[in-house]
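Notes for the one structure printed next.
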Amino acid sequence: MVAITLPDGSVRPFERAVSGADIAAAIGPGLAKAALFVRVDGEIKDLAHTVDADAKIAIVTVKDKEALTLIRHDCAHVMAEAVKELFPETQVTIGPAIENGFYYDFARQTPFTPDDLPKIEARMKEIIDRDEPIQREVWDRDKAVQFFKDQGEHYKAEIIAQIPIGESISLYCQGKFVDLCRGPHLPSTGKLPKAFKLMRLAGAYWRGDSRNEMLQRIYGTAWANEKDLAAHLTLLEEAEKRDHRRLGREMDLFHLQDIAAGAVFWHAKGWTLYRTVQDYMRRRLAKAGYDEVSTPQLLEKSLWEASGHWQKFRDGMFTTELENQTLGLKPMNCPGHVQIFRHGMRSYRDLPIRMAEFGACHRNEPSGALHGLMRVRAFTQDDAHIFCTEEQIGPETKSFCELLLSVYKDFGFTDMVVRFSDRPKVRAGEDATWDKAEALLLKAAHDAGIETVPNVGEGAFYGPKLEFVLKDAIGREWQLGTLQLDLVLPERLDATYVAEDGQKHRPAMLHRAILGSFERFIGILIEHHAGRMPLWLAPTQAVVATITKAADAHAQAVHAALGDAGIRATIDLSNETINYKVRESSLAKIPLILVVGEREAQDGTVAIRRLGGARQEVVALKDAVAKLAAEAQPPGL
RNA sequence: GCCGGCGUAGCUCAAUGGUAGAGCAUCCGCUUUGUAAGCGGCAGGUUGCGGGUUCAAGUCCUGCCGCCGGCACCA
């Protein structure tokens with residue numbers, strides 16, 4: 001006798017042990033058909049799983065959120081089956097569900113080509129139509145290893161060999177395809193929705209290690225139904241339209257060129273945007289008690305050796321030789337800042353010292369890592385280092401967090417996740433120091449009203465980190481700001497201050513950035529706003545467009561008045577229709593179009609048309625300028 | 001760096017191994033226009049760079065460079 005408790009609280013008795021499928025069938029034929037998995041006391045199992053004791057049961061259908069991940073996993077298996085049918089010489093390895101879909105890594109001599117994807121997709125649909133039962137079997141370890149070896153599946157055999165002794169080895173069979181897998185899986189391939197699409201091919205290292213051989217990965221996206229799939233594909237198109245590389249070209253902001261891979265050519269408009277962001281940051285930092293400094297680009301190797309960068313990041317540094325010396329182009333600003341701190345005696349009365357620099361740094365990023373503005377070799381950080389006493393770590397962290405939140409808000413970002421990265425395996429410093437540092441940082445973040453998610457073992461070797469991850473308008477995540485507590489570098493570079501006791505002490509150092517790099521931040525800004533910048537950031541804030549030549553003089557007066565009020569405006573007196581001019585400036589994503597025709601010239605007014613809006617507002621020139629100048633003011637001024 | 005794909009006019013894209021084209025933009029005319037493309041015309045190219053195969057290479061082979069998608073990396 002087995003008592004099954006259903007989600008509504010009702011209890012159904014069964015004579016003997018039952019499977020999830022039996023339970024679904026007992027409830028009703030509709031559910032029996034829709035059933036994909038069964039949840040037994042919170043744990044999701046195959047529908048065929050036998051329940052032989054009293055339990056809380058829920059039948060999982062495609063409507064359940066958890067089902068989607070499992071469906072994606074099944075989709076990976078069906079893909080693997082299709083690949084094995086089409087290309088029998090291929091070895092299978094692993095194929096998990098991931099965000100929005102799945103992938104499967106294959107090993108084979110000849111790589112797949114993009115033409116293979118539609119073929120594989122078609123075969124997958126055949127496999128679904130065949131409705132092959134998917135059956136779980138538990139095998140003896142040695143038998144399983146031998147089986148996969150006999151099949152020529154050496155990767156699978158290797159995976160089994162590494163499963164801890166005592167854990168059961170489960171295999172899933174569908175058609176002729178047998179795969180090692182923990183499961184759970186659908187009862188049959190026919191249950192898999194056909195709402196999937198194979199997206200791309202990629203290389204991927206076996207076990208994620210670049211010393212290993214490279215496998216062929218196929219990525220796919222999979223959803224509960226066609227509608228969700230279509231929505232996802234639309235979202236991808238949307239993301240493509242927002243791509244900062246595309247918008248950067250269309251809006252004439254910047255370009256990248258072979259002759260300087262990984263470095264940005266900022267055009268006038270892009271540089272205006274850059275300077276607007278930088279000027280804003282400069283004001284915010286000054287207000288928050290930071291002192292701006294500037295340190296050299298090229299510094300002797302001995303400094304990088306002392307700081308530890310030479311040992312750890314030498315490959316990532318650009319160097320040059322000069323009269324028997326090796327100089328390194330700075331990859332970071334901190335060692336330079338410590339030199340300023342060390343220059344002369346520091347008293348505890350001077351602390352905290354908040355030293356800021358818009359430091360231009362160079363890092364020799366691997367060629368494959370470069371990506372538009374997001375990953376470059378030459379960039380400028382909104383970097384600062386706070387030298388302080390241990391007691392000041394808490395308050396300094398708190399005020400930094402507050403500054404950061406306020407800055408993000410001004411740029412239109414409100415959705416944020418903060419990761420707390422604690423001690424890594426390889427680290428410097430005593431455990432007691434780490435205990436203290438981690439506790440201080442965590443408490444200070446919480447005092448600033450910030451919730452953190454743990455990011456275990458991901459801290460810097462010298463101290464724990466807060467990482468600020470923003471979500472943009474279409475839900476993508478970007479890591480921007482960081483705060484790192486460092487008790488190591490002051491030691492290595494011998495920074496000291498004289499404390500109340502007259503003795504020399506080591507300051508603590510907080511490495512911190514809000515935007516990260518200007519290049520990357522501007523890339524994110526462009527994508528977040530889809531190029532339609534808030535008025536204060538728009539490189540060109542307004543265009544004055546005439547309808548006829550008769551309005552030229554008035555248009556020039558309007559343009560001049562806007563310029564005097566500090567508004568970045570251009571004027572379009574060209575021999576084109578107003579339709580054309582509106583279209584052009586709209587495509588250029590200029591926030592304001594001031595239309596001037598004979599009527600406006602006569603009345604001394606302007607017609608204000610906002611980007612994307614259909615309505616216009618006719619206002620006296622003087623009022624328009626005052627109103628727009630106020631609107632265009634950067635925040636916090 | 002590794003795997004795969006790609007590189008043709010400013011942009012988007014054509015061109016069986018056989019004379020490199022189109023649309024948009026630029027420029028020049030005409031049109032003087034009322035809220036997302038008025039009309040016409042001129043011009044625009046060492047097909048990323050270097051080798052090779054061939055009577056003939058944008059196309060095939062090869063070496064670089066760069067870009068794209070991943071992987072690895074990201075102080």
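If you're wondering where the values come from, they're calculated on a predicted model, not measured in any experiment. Values below: every heavy atom of this structure, side chains too, minus hydrogens, waters and symmetry copies. First the proteins, then the strands, lettered A, B, ... as listed; each starts at 1.
At a threshold of 4.0 Å, the pair A:Glu438-A:Arg423 counts as salt-bridged, since one of the basic side-chain nitrogens sits closer than that to a carboxylate oxygen. For A:Asp494 and A:Arg506, the salt-bridge test passes: some basic side-chain N is under 4.0 Å from an acidic carboxylate O.
Residue contacts for A:Arg375: at a heavy-atom cut-off of 4.0 Å it reaches a base atom on one of the strands shown. Using a 4.0 Å heavy-atom distance criterion, A:Tyr219 is classed as a sugar-phosphate-only contact. No contact: A:Glu584 has no heavy atom under 4.0 Å from any strand. Among the atoms of the strands shown, none is found under 4.0 Å from any heavy atom of A:Lys312. Within the nucleic acid shown, A:Gly208 comes within 4.0 Å of sugar-phosphate atoms alone, with no base atom in reach, counting heavy atoms only. Contact annotation for A:Arg245: backbone-only contact, meaning every heavy-atom pair under 4.0 Å involves sugar-phosphate atoms and none involves a base.
Between B:G69, B:C73, B:A36, one nucleotide has an atom nearer to the side chain of A:Arg200 than all others, and that is B:G69. If you check B:C73, B:A36, B:U26 against the side chain of A:Tyr580, the one that comes closest is B:U26. Comparing atom distances between the A:Ala202 side chain and each of B:U33, B:U12, B:G70 picks out B:G70 as nearest. Of the listed nucleotides (B:A75, B:A36, B:G1), B:A75 has the atom at the smallest distance from the side chain of A:Pro331.
The pairing partner recorded for B:U32 is none, the criterion being a Watson-Crick or G-U wobble arrangement whose two distances lie under 3.5 angstrom.
In terms of position on RNA chain B, the residue among A:Ser210 and A:Met332 whose nearest nucleotide sits closer to the 5' end is A:Ser210. The 5' end of RNA chain B is approached more closely, in terms of each residue's nearest nucleotide, by A:Ser574 than by the other of A:Lys465 and A:Ser574.
For residues 588-618 of chain A, proximity to RNA chain B is found at A:Val595, A:Gly597, A:Glu598, A:Arg599, A:Glu600, A:Ala607, A:Arg609, A:Gln616, defined as any non-hydrogen atom under 4.0 angstrom from a strand atom.
Under the side chain to side chain donor-acceptor pair (under 3.5 Å) test applied with A:His511, the options A:Lys465, A:His337, A:His385 reduce to a single match, A:His385.
Proximity of the aromatic rings of A:Phe106 and A:Phe112 is defined here by a centroid distance below 6.0 angstrom, and this criterion is met. The aromatic ring centres of A:Tyr219 and A:Tyr104 sit 6.0 Å or more apart.
Taking a 6.0 Å sphere around CD of A:Glu89, one finds it holds more than 12 heavy atoms contributed by other residues, nucleotides or ligands.
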